[in-house]
Amino acid sequence: MNRRFDRRTFLRSALALPAAPLLGHGSRCHWAPRGDDRVLLVLELAGGNDGLATVIPVDDPAYAKARPALSAVRRGSHAIVDGLALHPSLARLALRCGNGGAAAVLGVGMEKPDRSHFRSRDLWHTGDPTFVRRQHDTTGWLGRAADVLAAGGAGMPAASIGALEVPLLLSARSVTVPTFERAEDFALGVVPGVAASERQAGLAALVGERLGDGPLGYAAATAAAAAKTAMELEQALRGYRSEVTYPDTALGRDLQLAARMVIAGFGTRLFHVVHGGFDTHARQLPTHAGLLAQVDAALAAFWQDLSAHAAAGRTAVLVFSEFGRRVAENASQGTDHGAAAPVFVLGEGLRGVVFGERPDLGDLEDGDVKATTDYRLVFGELLRWLGVDGKSVLGGEFAGPHVFA
Amino acid sequence: MNELLAPWQPTRDDPFDLQKVGHLFRRAGFGTSLRHRQELVREGLDAALAAVDPPSASVPGADAMLGDVLAFGDRARVTAHRVWLALESAHPLREKVSIFWHGHFATSDAKVQDPRVMAGQLATFDRLGLLRFDELAQAMARDPALLVWLDNQLNKKGAPNENFARELFELFTLGRGAYTEQDIREAARAFSGWHVRDGQFFFARFLHDDGDKQVLGRRGALTGDDVVAAAVTQPASAPFLAAKWLRAFVHPEPTSAEIEAMAACYLANERHVGATLRTLLRSRLFFSPRAYRTKIKSPAEFAIGTVRLLGARAVAADLARAMATFGEAWLMPPTVEGWHGERAWLSGASWLLRSNWAAELFAGQRGKLQPTAASLLERFRGPEDKVKAALLLLLDGECSDESRARLLAFARSPAAQGAGGDAALLHATVGLPEYQLS
């Protein structure tokens with residue numbers, strides 16, 4: 001059993017292609033890599049994205065057999081390596097794969113997967129495959145990373161964008177992670193009337209620090225810091241100019257807000273964005289194509305924006321879903337809840353296009369793709385890149401596929 | 001009667017005034033309007049206690065409205081209905097105590113996925129929350145939402161699931177260290193077969209383990225009811241609950257003397273929660289400086305309280321959404337441990353969100369706030385009078401000299417002039433550190 005998660009398996013199977021020559025990244029020359037301003041955005045495809053229709057084993061006869069109707073998705077797909085192609089909607093992502101800007105890690109999951117959306121999401125969010133929802137110290141792995149970063153002085157190390165509630169993923173022990181739906185939420189809002197700047201200045205002057213470490217002193221210090229931060233952020237965001245047109249979707253708006261914060265250099269280093277609707281039990285082809293097209297368009301705009309502002313080199317994205325879907329299609333031209341699936345890692349100068357073992361459709365577990373890469377290994381690799389001690393966050397050594405140089 | 005919990009008697013030096021009434025309504029309710037507070041100061045302590053805890057009270061049409069809400073059955077409506085009840089506050093103490101129990105037996109619809117069943121649990125808090133704790137605990141052991149939340153559906157004879165038993169001891173009745181792992185294992189067997197079917201409690205006889213068990217010193221073919229009875233009568237239970245009530249109603253860090261007094265009061269009242277809390281709410285301890293403004297307002301206390309202090313009307317669904325963004329989504333506590341409260345409620349970001357929400361509320365951008373913020377201060381002339389009025393409306397007429405000076409500076413500055421000037425002054429008052437405190 002352990003063999004499946006053996007680190008060497010990775011290294012052997014990683015198609016460690018040399019990064020293709022980078023075109024149109026002149027800004028990189030000016031960017032001096034600094035570990036302390038790297039940013040990770042985690043994009044969650046909620047509902048269970050069909051991994052086999054995302055990174056498609058186009059030549060596998062077992063695929064066509066298991067999916068008489070749904071294997072039509074192969075038409076118009078984009079080859080990334082021999083025998084594997086991305087969904088037809090993912091043209092721009094496939095292009096990134098070709099120039100070292102994106103990679104797929106295959107067969108990512110856990111030893112005892114769960115087909116419940118909620119339980120599986122909890123397992124992904126906590127990074128704890130044995131998690132049960134009764135523990136008191138319920139934190140997410142990204143939240144724990146935020147705790148580490150906050151200890152280093154970052155004021156707002158993490159933010160959840162678009163969600164109404166802080167997701168378990170970002171629940172932290174010492175840091176309160178804000179959720180934001182709109183850019184205006186960052187500004188120090190005032191009652192409209194006279195010049196907003198007068199009222200903002202008035203408010204900021206109102207909440208100066210007080211003496212004492214009691215609740216009043218705490219509230220005063222917190223409010224003073226917040227007012228100051230908000231005005232600084234607004235100032236920073238005001239400088240944001242972009243030629244990039246984001247798609248007019250919720251995901252596009254969420255990613256643009258994240259990009260603005262990254263470009264502003266505000267110091268928030270961990271972001272979580274959710275894109276839902278992937279629970280495709282019926283008539284999967286059109287629904288899934290539409291959802292992935294939104295992902296493709298929004299990510300492309302996000303990256304174009306970051307590149308134009310010399311911020312792409314310090315940004316990485318993880319795209320995951322709580323589970324993949326059953327290998328065999330169901331009777332409603334859809335798929336049911338499954339297990340292991342590929343995740344995408346986006347960055348710059350990645351060491352390969354595909355990591356991990358290709359799913360063996362002849363060797364399933366209860367009709368599902370077996371996990372060949374422990375999901376924590378991927379987290380470990382991202383934390384390594386961020387410069388955060390993965391051991392303290394994940395509770396063990398998870399040296400993952402060497403995606404980043 | 002212990003000195004701490006002896007009834008507080010107003011004196012000339014320590015009178016029953018706006019601060020006392022404001023404190024009582026913040027802790028035992030969600031605040032109330034200045035007019036009501038002034039009225040109660042005149043009528044005295046007993047009248048104020050009766051106002052937070054009237055003998056019988058309901059909002060006209062509440063049941064019919066709940067029927068409508070449940071017909072839709074969606075989470076947002078059920079949550080908004082709860083916020084509406086708190087806004088109306090026909091029985092402030094009951095609304096407050098039900099939310100206290102919601103955080104104590106913290107059940108989340110994230111997993112239950114059935115807002116109707118969640119509404120049923122909240123109704124149980126309304127019905128039993130101020131009666132005997134042992135009865136409430138028995139009811140919770142049969143509560144469909146809680147049983148689903150804690151996986152008791154999986155608890156079967158021969159394959160026990162310990163989740164419910166563990167939380168019953170650790171979080172609901174005893175606290176850590178007052179039971180053994182063996183107690184949990186045996187107690188889990190007693191709850192085997194306590195399942196849910198069609199949103200109702202269902203005793204699955206053939207999945208229930210009726211063999212001999214030993215739990216917390218009791219022995220025999222114990223049932224779930226026997227286990228609950230054993231837990232609530234353990235010596236550790238009274239101080240555990242006492243500390244929790246003190247943290248909720250008095251001070252975030254109660255002393256052992258306070259806990260002892262409160263536990264003794266609870267036992268003397270035969271585990272009657274209502275009688276215990278009523279003693280607390282008229283006690284010297286409750287009206288002491290140790291309690292006054294020593295807690296951080298919860299998002300609900302902030303959002304609902306702001307509307308109620310102004311004697312205004314607002315849209316419940318909007319308040320529910322605002323509370324959720326501040327970190328308190330009713331029906332969705334983050335874990336079975338409930339909300340952590342106190343300083344965890346107030347980060348820089350949540351202060352900002354609170355402040356921005358208040359700016360929109362006072363500017364009339366969040367539905368119709370009635371009366372409008374502007375009309376509340378318009379009859380006052382000059383910055384001094386306006387500041388005085390704002391402090392009376394929102395802060396018992398009392399705050400630190402420094403805050404008063406800064407607020408006065410704001411009132412004199414261009415920020416408080418022109419269109420929206422009065423609303424801006426109210427907004428500034430809500431941003432004061434004192435206003436973040438309960």
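For the numbers below, each heavy atom of this structure counts, side chains included, while hydrogens, waters and symmetry mates do not.
A distance-only check finds no donor-acceptor pair linking the side chain of B:Lys295 to the backbone of B:Ser438 [under 3.5 Å].
Comparing B:Ala363, B:Pro414, B:Gly418, B:Gly431 by how many heavy-atom pairs each has under 4.5 Å with chain A, the most go to B:Pro414. The greatest number of non-hydrogen atom pairs below 4.5 Å with chain A, out of B:Ala423, B:Ala405, B:Gly364, B:Ala373, is found for B:Ala423. Most heavy-atom pairs under 4.5 Å with chain A, from the set B:Ala359, B:Ala358, B:Ser355: that is B:Ala359. Interface summary for chain B: among A:Gly193, A:Ser197, A:Pro215, A:Ala205, the most heavy-atom pairs under 4.5 angstrom belong to A:Pro215. Across B:Gln365, B:Gln436, B:Gln417, B:Glu360, the residue that shares the most heavy-atom pairs under 4.5 angstrom with chain A is B:Gln417.
Stacking of B:Arg27 on the aromatic ring of B:Phe249 is not recorded, the 6.0 Å distance cut-off and the 45° axial limit not both being met.
B:Arg354 does not touch chain A: none of its heavy atoms, backbone or side chain, sits under 4.5 Å away. The part of B:Ile296 that comes within reach of chain A is its side chain, from C-beta onward, which places non-hydrogen atoms under 4.5 angstrom from that chain. For B:Glu342, no part lies under 4.5 angstrom from a heavy atom of chain A. In this structure, chain B has heavy atoms under 4.5 Å from both the backbone and the side chain of A:Ala227.
Ring-plane geometry between A:Phe379 and A:Trp124 is classed as perpendicular, the angle between the planes exceeding 60 degrees on a 0 to 90 degree scale with a lower cut at 30. In this pair, A:Phe320 and A:His125 present their aromatic rings perpendicular. The plane angle is above 60°, beyond the 30 to 60° band.
Between A:Gln200 and A:Leu188, the shortest heavy-atom contact is NE2-O, 2.9 Å.
Taking 4.0 Å as the cut-off between side-chain N and carboxylate O, A:Arg121 and A:Asp114 do not count as a salt-bridged pair. A:Arg325 and A:Asp279 are joined by a salt bridge, as a carboxylate oxygen and a charged side-chain nitrogen come within less than 4.0 angstrom of each other.
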